[in-house]
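When a ligand or atom number is given, it counts from 1 through the structure's own listing order. Treat the numbers as computed from the prediction; the structure is a model and nothing was measured.
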Amino acid sequence: MPGLCVIGLQWGDEAKGKLVDWLAEGRDLIVRYQGGANAGHTVVVGEEVYKLHLIPSGIVNPGIMNLITAGVVIHPGTLLGEIDSLLERGVDIADRLQLSGRAHCVMPWHIVEDKIWNQVNSGDENIGTTLRGIGPCYRDKVGRSFAVRVSDLIQGGLEKQIHRITEYKIQSLAPFCENGEVDLDASQIFAEYRQYAERLRPFIADTTRLLLDAVDQDKSILFEGAQGSLLDVDFGTYPFVTSSNSSGVGVSSGTGVPGQWIGKTIGVAKSYSTRVGGGPFPTELHNDTGEHIRIKGNEFGTTTGRPRRCGWFDAVAVRYTSRLSGTDSICLTMLDVLSELKEIQVCVAYELDGQRIDYFPNNVDDLQRLTPVYETLPGWQTDITSARKLDDLPPNARSYAGRLSELCECPIEFISVGPDREQTIVLNPDESLLDSLVS
Ligand code: GDP
Ligand code: IMO
Ligand code: MG
């Protein structure tokens, strides 16, 4: 059975976790394949709220195997903390979680480096990372000389490897630390990671072989993207991006599953836009409406608690990422958050140096300079959180969703009207939102 992918179409936090949990039922495998504990995916089941950083959002569904594959960077302590907290809450993990020996470990020096580079690149140049050591870990992976893979944790030689790398890191980081003192101790790090290794040993596997076998056996696989396509290291708003391929292009490289086995991609997009950290954000609102969206949408980071920057839906950006990730349909989330607004604006084009353009520029300078061209749509000013089918939505809410679908050139398959599993509208293939557009 061709695999199904869930990919964020904006700057992350589009509610991918909710959709993955919703789609997980009846599947064989759920796969996290890039990023690391910079991700924070929320799954809400009734009163229970699960915040997952490394473990796939399918874990809450019983009986499904969850994989963390080669493209992920894993902080072992964070992963074990997540495992423990799920076990405490009665979620059965045993035999339901496997991680790739090929994945790379986030080490204490990566976190030290992430903090240093965030301080060095201040002001407008600040990426505002999650400080989870993600960029430095991927850099060492590509650099090859100072990397530690998950398989290294359980093979002989870890102590020597940690001492060698720590020595180098202390030397290279000393000029950036107060009094030249780098807070890294090789013996302590080895003691800590040896403990992690023993606890993680039963979960370590060859997930590449496992996945290729699953493909041969026609199993049902769901790939869970982290971050969003606009944070993709190659195709996002570089350098204000994360360090992995967070658009659809990362699925194959992160898992080892050939592209032809990826059958369907669902792009997740909020009904407005948010971004955490630095970088261009053409439709950002620095006014009461932006604040209203932040409060109504509870737009504070799942991983860092930072307030998210909020703005109008950018259809030029989402059309770009939807094409880039090859989305077959869109899951439009957080529509309920806009319910109190009298009017809603949507960015339909940009103006750059006096010219109207309808594409997403490929460099940050242009993105900083352009101004959005807006279309104004009427709000619905009715609570929609209990809507469960398309007909339950007020006509203006349907028209809004329909217009976004038209502008993004992609059908909408799901509309989310609240955090709970139940608060999900599934559109039948014969239900066209476009029919509901206000003429
Ligand atoms: P992810 O990183 O893409 O999985 O998204 P996050 O979990 O970081 O952020 C999404 C937040 O919105 C979480 O707190 C969800 O519980 C919540 N949420 C999900 N869908 C909806 C929705 O349709 N409406 C509202 N109001 N909240 C939602
Ligand atoms: P999920 O999976 C939102 C952002 C950071 C920063 C930039 C680089 O929950 O959608 P990094 O720590 O990756 O080096 O930070 O990327 N960022 C996210 N923003 N959601 C995420 O994940 C993010 N992961 C990273 O805020 O701007
Ligand atoms: Mg998140």
If we number the atoms of ligand 2 from 1 as shown, the ones under 4.0 Å from a heavy atom of Arg306 are 5 (C), 26 (O)
Looking at Asp13, the N, O or S atom sitting nearest the Mg ion (ligand 3) is OD1
Looking only at protein heavy atoms, what sits closest to atom 5 (C) of ligand 2 is Gly128 O, 3.7 Å
For residues 23-30, please give each side-chain donor-acceptor pair under 3.5 Å, one per line with the distance, not counting sequence neighbours.
residue: Arg27; atom: NE; partner: Leu23; partner atom: O; Å: 2.9
residue: Arg27; atom: NH1; partner: Ser220; partner atom: OG; Å: 3.3
residue: Asp28; atom: OD2; partner: Ser220; partner atom: N; Å: 2.7

Judged by heavy atoms only, the candidate from Lys16, Lys296, Lys51 nearest atom 3 (O) of ligand 1 is Lys16
Nearest non-hydrogen contact to atom 2 (O) of ligand 1 from the set Gly8, Ser339, Gly40 belongs to Gly40
protein heavy-atom neighbour closest to atom 23 (C) of ligand 2 works out as Gln227 CG, 3.6 Å
Counting from 1 in the order shown, the ligand 1 atoms closer than 4.0 Å to a non-hydrogen atom of Ser416 are 20 (N), 21 (C), 22 (C), 23 (O)
* Could you tell me whether Leu335 and ligand 1 have an N or O pair separated by under 3.5 Å? => no
Logged contact type for Thr42 with ligand 1, heavy-atom cut-off 4.0 Å, is both
Lys16 heavy atoms within 4.0 Å reach ligand 2 at atoms 1 (P), 2 (O), 10 (O)
A student checking ligand 2 against Trp11 at a 4.0 Å heavy-atom cut-off should list atoms 3 (C), 19 (N)
Note: ligand 1 atoms sitting under 4.0 Å from heavy atoms of Gly17 are 4 (O)
of all protein heavy atoms, closest to atom 8 (C) of ligand 2 is Val241 O, 3.3 Å
Atoms of ligand 1 under 4.0 Å from any heavy atom of Val337, numbered from 1 in the order shown, are 26 (N)
Yes or no: does Gly228 have any heavy atom under 4.0 Å from an atom of ligand 2? no
Exactly one of Asp185, Asp183, Asp140 clears salt bridge (Lys or Arg N to Asp or Glu O under 4.0 Å) with Lys169, and that residue is Asp140
If we number the atoms of ligand 2 from 1 as shown, the ones under 4.0 Å from a heavy atom of Ala226 are 2 (O)
min-distance protein heavy atom vs atom 15 (O) of ligand 2 -> Thr129 CA, 3.4 Å
For a distance under 2.8 Å, tell me if Gly17 has an N/O/S atom near the Mg ion (ligand 3). no
The atoms of ligand 1 lying under 4.0 Å from a heavy atom of Val44, numbered in the order shown, are 16 (O)
A student checking ligand 2 against Gly277 at a 4.0 Å heavy-atom cut-off should list atoms 27 (O)
Here the atoms of ligand 1 under 4.0 Å from any heavy atom belonging to Lys18 are 20 (N)
message: With a 4.5 Å cut-off on side-chain heavy atoms, are His53 and His41 touching?
response: no
To atom 9 (O) of ligand 1, the nearest of Glu14, Arg308, Lys270 on a heavy-atom basis is Arg308
